[in-house]
Amino acid sequence: MATLADHKRRRIDELTARTAEGGGVSLLRDAGRRLLRNPAAIVGGAIILLFLIIAIFAPLVAPHDPVQRFPELTGGLTVDSIPGASAGHPLGSDPLGRDFASRMIYGARQTLFVGVLATLIGLLCGVLLGAIAGAAGGWVDMLIMRITDVMLALPSLLLAITLVALARQPTQWTVIVAVAVVNVPIFARLLRGSMLAQRESDHVLAARALGVRQRHIVTRHMLPNSLTAVIVQATLTFAVAILDAAALSFLGLGDPDINRAEWGLMLGVDGVRYLEVRPELAYFPAIAIILVALGFTLLGESMREALDPKNRR
């Protein structure tokens, strides 16, 4: 008669054999499977992919040049009337007689460019500071963390407005730098916390006991195992960066070039000014901004749930 110990032993042998045959399932592969089964991740990824395709292929998708003024549109412009949808212009005209649909399509390129580039710059700077603080410790860690505490104590949009206001001539790049600086302390503190947790892990202690150099421990053990949470946060930060950049342009602190098609600028310059005359000028950019932010938020939350077992439902 088989004992309980024999049953457990056979069960362990079966699981071991099954794992050996299938090669096991890595964390990333398991996370990928969970994302493919998650409706929120699928919807978020589809939204992002759609807008990325529109942004990349804007010259092929847009029916007209976004800065060209059309006589059939300018002829119908008055103070109290802006032409709506017509043949060749599915979304009508903007206040200057330009094709509004084309400007919306090109606006996807500008908005995503600003949000993605600002997030990447903030991510790289934040990872650098967080890695230095987490690896060095001591007064270096204290100095970097106190600076990040000061930056995190201020509302992100207020800090971004302050940084843009310091520029003599606001441009698209001042918005990118301001939004990037706002995101730096978020990534730095998150990575630093993850590296501190890795410092006392078994594999790091084993590497120290074997005499591995501190530099190699940080770059090969602590840093790679701490980046998962930062990457997930970066996906969520895309949404915040797009909203902050649009808010700065809406407030008139972005690129003053009215020919540049950017959703925040279109919403602030044309949408609000002509809200009673033609509310679609405000509705379409606002809806586009919300959809893009929603897509990154859904994908980021799904990634967090898939990569972190503590957040799984």
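Numbering starts at 1 and runs along the sequence shown.
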Taking all non-hydrogen atoms of both residues into account, name the closest pair between [X] and [Y] and its distance.
| X | Y | value |
| --- | --- | --- |
| Met145 | Ala133 | CE-CB, 4.1 Å |
| Ile54 | Ala108 | CG2-CB, 4.2 Å |
| Leu112 | Ala55 | CD1-CB, 3.9 Å |
| Met104 | Ala288 | CE-CB, 3.9 Å |
| Leu267 | Ala282 | CD1-O, 3.4 Å |
| Leu298 | Ala40 | CB-O, 3.6 Å |

According to ring-ring contact (aromatic ring centres under 6.0 Å, His included), does anything in [range] pair up with another residue at least two apart or in another chain? List the pairs.
| range | result |
| --- | --- |
| residues 115-147 | none |
| residues 88-111 | His64-His89, Phe70-His89 |
| residues 247-271 | Phe51-Trp263 |

Could you tell me whether the side chain of [Y] reaches within less than 4.5 Å of the side chain of [X], counting heavy atoms only?
| X | Y | value |
| --- | --- | --- |
| Ile105 | Pro63 | yes |
| Leu248 | Ile161 | yes |
| Thr111 | Val292 | no |
| Asp65 | Ser102 | no |
| Gln172 | Gln110 | yes |
| Asp99 | Gln68 | no |
| Asp141 | Arg192 | yes |

So how far is it from [X] [atom1] to [Y] [atom2], rounded to the nearest 0.5 Å?
| X | Y | atom1 | atom2 | result |
| --- | --- | --- | --- | --- |
| Arg103 | Leu281 | CZ | CG | 10.5 Å |
| Thr119 | Leu124 | OG1 | CG | 11.0 Å |
| Leu49 | Ile56 | CG | CD1 | 8.5 Å |
| Ile132 | Leu129 | CD1 | CG | 6.0 Å |
| Arg37 | Ser302 | CZ | OG | 12.5 Å |
| Thr235 | Arg304 | OG1 | CZ | 10.0 Å |

Mark yes or no for whether Ser249, through its side chain, and Ala246, through its backbone, hold a donor-acceptor pair below 3.5 Å. no
Ile287: which of Leu291, Ile290, Ile289 passes side-chain contact (heavy atoms from CB on, under 4.5 Å):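 The passing option is Leu291.
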Side-chain heavy atoms nearer than 4.5 Å, only ILVMFWY residues, links allowed to pass through others: does that put [X] and [Y] together?
| X | Y | result |
| --- | --- | --- |
| Phe113 | Val61 | no |
| Leu157 | Leu154 | no |
| Leu251 | Val175 | yes |
| Val140 | Leu128 | yes |
| Val67 | Ile82 | no |

Check the pair Leu123 / Val230 against side chain to side chain contact (heavy atoms under 4.5 Å, CB included), numbers first and verdict last. CA-CA 8 Å; Leu123 174 63; Val230 179; 3.4 Å; yes
When the side chains of residues 236-244 are checked against the rest of the protein, which donor-acceptor pairs come out under 3.5 Å, sequence neighbours left out?
unit_1, atom_1, unit_2, atom_2, d
Thr237, OG1, Gln233, O, 2.7
Thr237, OG1, Gln233, NE2, 3.4

Below 4.0 angstrom, N of the basic side chain to O of the carboxylate: do Arg189 and Asp149 qualify? yes
Donor-acceptor contacts, no H, no angles, side chain residues 179-187, under 3.5 Å, sequence neighbours left out:
unit_1, atom_1, unit_2, atom_2, d
Asn183, ND2, Val179, O, 3.1

Pairs meeting criterion salt bridge (charged side-chain N to carboxylate O under 4.0 Å, His left out) with involvement of residues 104-133, two or more places apart: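 Applying salt bridge (charged side-chain N to carboxylate O under 4.0 Å, His left out) to every pair that reaches into residues 104-133, excluding sequence neighbours, yields nothing.
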Start with the C-alpha distance between Thr174 and Thr171, add both sets of side-chain angles, then the distance that settles side chain to side chain contact (heavy atoms under 4.5 Å, CB included), and finish with yes or no. CA-CA 5 Å; Thr174 58; Thr171 63; 3.6 Å; yes
